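Please read all numbers here as calculations on a predicted model, not as lab measurements. Letters go in sequence order (proteins before strands), and every chain restarts at 1.
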Amino acid sequence: MANKITPRAQDYSLWYNDLVKEAGLAEHSSVKGCMVIKPYGFAIWEKMQAELDHRFKETGHQNAYFPLFIPKSFLSKEAAHIEGFAKECAVVTHYRLKSDGKGGVIVDPDAKLEEELIVRPTSETIIWNTYKNWIQSYRDLPLLINQWANVVRWEMRTRLFLRTTEFLWQEGHTAHATSDEAVAETRQMLDIYADFAENFMAMPVVKGTKTANERFAGAIDTLCIEAMMQDGKALQAGTSHFLGQNFAKAFDVKFSDKSGNLEYVWATSWGVSTRLIGALIMAHSDDDGLVLPPSLAPIQVIIVPIYKQMEELQKISDAANVLMKELKAQGISVKYDDDDTKKPGWKFAESELKGIPLRIAIGPRDLENGTAEVVMRDTKSKQVVSFSELHKEVPKLLKQIQDGIYLKALKKREENTYYPNNWDEFSEIMKGEGGFAWAHWDGTAETELKIKELTKATIRCIPFDRKEEKGQCILTGKPSEGRVIFAKAY
RNA sequence: CGGGGCAUGGCGCAGUCCGGUAGCGCACCUGGUUUGGGACCAGGGGGCCGCAGGUUCGAAUCCUGCUGCCCCGACCA
């Protein structure tokens with residue numbers, strides 16, 4: 001089999017790039033740092049969107065859309081926020097081009113904007129500027145809005161899906177009458193992300209709180225879900241922020257409570273991005289191609305006919321059509337690949353590359369025996385199933401794959417999770433394959449930065465479910481109340 | 001912002017050192033044989049060699065300048 005994909009063991013990072021390209025998920029555009037998301041990759045994103053959007057609506061959120069451009073002055077209203085984003089903003093300074101007289105165009109110096117516009121790196125400022133007009137009374141609260149949008153962050157170093165200059169995401173922005181309610185919203189949305197990651201992406205995650213160093217610019221508290229990739233590195237898969245009254249104060253958003261007192265509102269924001277596609281790839285895929293969870297696979301089942309004469313193909317097609325009808329009736333997406341210009345072997349390899357969970361081959365032997373060959377993408381296991389059982393067997397096998405890849409990822413994470421008690425143990429872990437190191441930390445930003453400098457590992461989160469446990473910081477030996485998760489991260 | 005690499009048919013590359021009719025694989029088109037793990041034969045179409053100058057009888061190749069993208073590091077979701 002001609003493999004176009006670099007094996008993981010040889011070069012993990014090259015494997016990832018090859019996979020994204022060869023599976024047809026995305027490619028580099030001619031714009032530096034920006035990608036073209038191709039139809040197959042976008043189909044996965046659409047499935048993610050559909051599921052998340054459904055969950056947002058179920059919890060009372062509505063979609064809206066805010067401008068791509070943000071007046072420069074808005075960004076500077078919240079001090080921590082501008083501090084965090086200033087270094088990576090694209091700025092629009094002019095609104096017109098003109099001919100350079102040599103067949104090209106130049107920026108027209110006479111068309112300078114009075115106030116420069118920032119291409120949104122996130123939308124808190126424009127949204128809170130708007131919320132000021134939407135919120136007067138406690139009756140206007142809570143305000144629960146989400147938007148699906150693109151944002152731009154001018155990163156120095158980019159990678160397809162994981163970090164691109166422009167990316168797609170959703171950002172929720174909510175306003176509440178009380179702190180407690182906003183805190184509960186922050187946690188609710190994180191739980192939705194975690195549930196989505198585990199049950200749809202089949203990717204186990206740890207829920208926790210970010211340290212001050214890793215916190216969102218302008219937040220009081222940042223919650224996150226962290227997943228472990230196959231190379232042992234951590235990837236932040238979603239964040240949910242409790243913003244306190246920071247943006248309400250910056251944009252003067254007040255409401256009158258029941259007793260007529262004017263109060264600042266309490267805010268949250270939360271988001272996941274196309275980065276999730278990168279996470280999905282690195283969580284499950286192998287050297288032959290993508291491995292997709294059935295719940296996110298654009299095509300869940302592919303049927304490949306094997307035939308010599310056209311009459312044979314006709315008989316197989318008749319059988320395949322019956323099966324397709326039965327599967328589609330159960331909401332299963334199925335493709336019948338009767339393209340005569342490709343051989344079965346080519347189709348097999350291609351379906352593996354694309355991560356199609358189940359492949360059903362029907363040939364002359366099967367017609368005779370009333371069977372089909374069913375192959376599971378994750379384990380490559382083959383079995384012969386009687387034709388009359390297929391419509392019952394397929395959903396079972398899809399479920400089995402969904403559960404199987406989750407458990408495999410969980411096992412991988414457990415095997416690469418350590419509990420070092422001193423610096424030697426800790427640094428040894430970070431020198432090797434990596435993984436999650438649950439370790440004691442003295443709680444200071446200085447220590448965290450020092451550890452990062454020494455090992456490149458950062459604190460991914462302070463996990464919600466950690467035990468109360470007295471210990472000593474692995475670097476300074478100072479007292480600690482519980483372990484935090486260190487890892488090298490994407 | 002440093003370090004490296006690349007730019008030649010749709011894609012991947014050779015050719016550049018040593019200047020002399022632009023080539024290979026894949027893909028594509030036509031016909032035939034094939035089809036249970038990336039088929040084969042025959043024929044065919046397609047290229048401002050990244051851009052701009054220069055040297056030369058002659059430049060993909062030598063010289064000068066520019067541009068773009070990718071990879072590796074420091075910042076970040």
Return the polar atom pairs (N/O with N/O) between nucleotides 39-49 of chain B and the protein under 3.5 Å, or none.
none

What does [N] pair with, Watson-Crick or G-U, if both distances are under 3.5 Å?
N: B:rG73; answer: B:rC1
N: B:rC49; answer: none
N: B:rC28; answer: B:rG44
N: B:rA7; answer: B:rU67
N: B:rA39; answer: B:rU33
N: B:rA60; answer: none

For [N] versus [M], give the span between their [atom1] atoms, rounded off to a whole number of Å.
N: B:rU35; M: B:rA39; atom1: P; result: 12 Å
N: B:rG5; M: B:rU21; atom1: C1'; result: 32 Å
N: B:rG23; M: B:rG46; atom1: P; result: 13 Å
N: B:rC63; M: B:rC72; atom1: C1'; result: 31 Å
N: B:rG15; M: B:rC24; atom1: C1'; result: 10 Å
N: B:rG12; M: B:rC51; atom1: C1'; result: 24 Å
N: B:rG37; M: B:rC18; atom1: C1'; result: 47 Å
N: B:rC17; M: B:rC6; atom1: P; result: 15 Å

So A:Pro364, base contact, sugar-phosphate only, or nothing? Heavy-atom distance under 4.0 Å. base
Any N or O donor-acceptor pair linking the side chain of A:Lys347 to the base of B:rG36 at under 3.5 Å?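 In this structure, the two groups form no donor-acceptor pair.
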Per-nt protein contacts along nucleotides 5-12 of chain B (heavy atom under 4.0 Å; B base, S backbone sugar-phosphate only, - none) come out as --------
Each nucleotide of nucleotides 68-77 of chain B classed B (base within 4.0 Å of a protein heavy atom), S (only sugar-phosphate) or -, in 5' to 3' order, makes -SSSSBBBBB
Residues that [X] engages under salt bridge (Lys or Arg N to Asp or Glu O under 4.0 Å), provided they are two or more places apart:
X: A:Glu446; answer: none
X: A:Lys210; answer: A:Glu226
X: A:Asp108; answer: A:Arg96

Mind jotting down which residue pairs meet the side chain to side chain donor-acceptor pair (under 3.5 Å) criterion with at least one end in residues 370-379 of chain A? Sequence neighbours excluded, please.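 Of all non-adjacent pairs touching residues 370-379 of chain A, those that pass side chain to side chain donor-acceptor pair (under 3.5 Å) are A:Asp286-A:Arg377, A:Asp366-A:Thr371, A:Thr379-A:Ser381.
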Quick one: do the A:Ser240 and A:Tyr193 side chains pair a donor with an acceptor below 3.5 Å?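 No, A:Tyr193 and A:Ser240 have no side-chain donor paired with an acceptor closer than 3.5 Å.
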Polar contact flag, side-chain donor to acceptor under 3.5 angstrom, A:Asp339-A:Thr341: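 There is such a pair between these side chains.
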Within 45° of the six-membered ring axis of A:Phe464 and under 6.0 Å from that ring's centre, is NZ or CZ of A:Lys207 located there?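 A:Lys207 over A:Phe464 ring: no.
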For atom CD1 of A:Ile360 and atom C1' of B:rG36, their distance in whole Å: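 It is 15 Å, rounded to the nearest whole Å.
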Roughly, in whole Å, what's the span from NZ in A:Lys315 to P in B:rG36?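 Taking NZ of A:Lys315 and P of B:rG36, I get 18 Å after rounding.
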Test of understanding: with ring pair (Phe, Tyr, Trp, His ring centres under 6.0 Å), list the residues that count as partners of [X], not counting sequence neighbours.
X: A:His61; result: A:Trp270
X: A:His81; result: A:Phe85, A:Phe216, A:Phe247
X: A:Trp346; result: none
X: A:Tyr16; result: none

Ring centres under 6.0 angstrom apart (A:Phe486, A:Phe436): no
Nucleotide nearest A:Phe348 when distance is taken to its side chain, options B:rU35, B:rG37, B:rG38: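 Between B:rU35, B:rG37, B:rG38, the one nearest the side chain of A:Phe348 would be B:rG37.
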N/O donor to acceptor pairs below 3.5 angstrom from side-chain atoms of residues 304-314 of chain A, sequence neighbours left out:
residue: A:Tyr307; atom: OH; partner: A:Asp340; partner atom: OD1; Å: 2.4
residue: A:Glu312; atom: OE1; partner: A:Lys308; partner atom: N; Å: 2.6
residue: A:Gln314; atom: NE2; partner: A:Asp318; partner atom: OD1; Å: 3.2

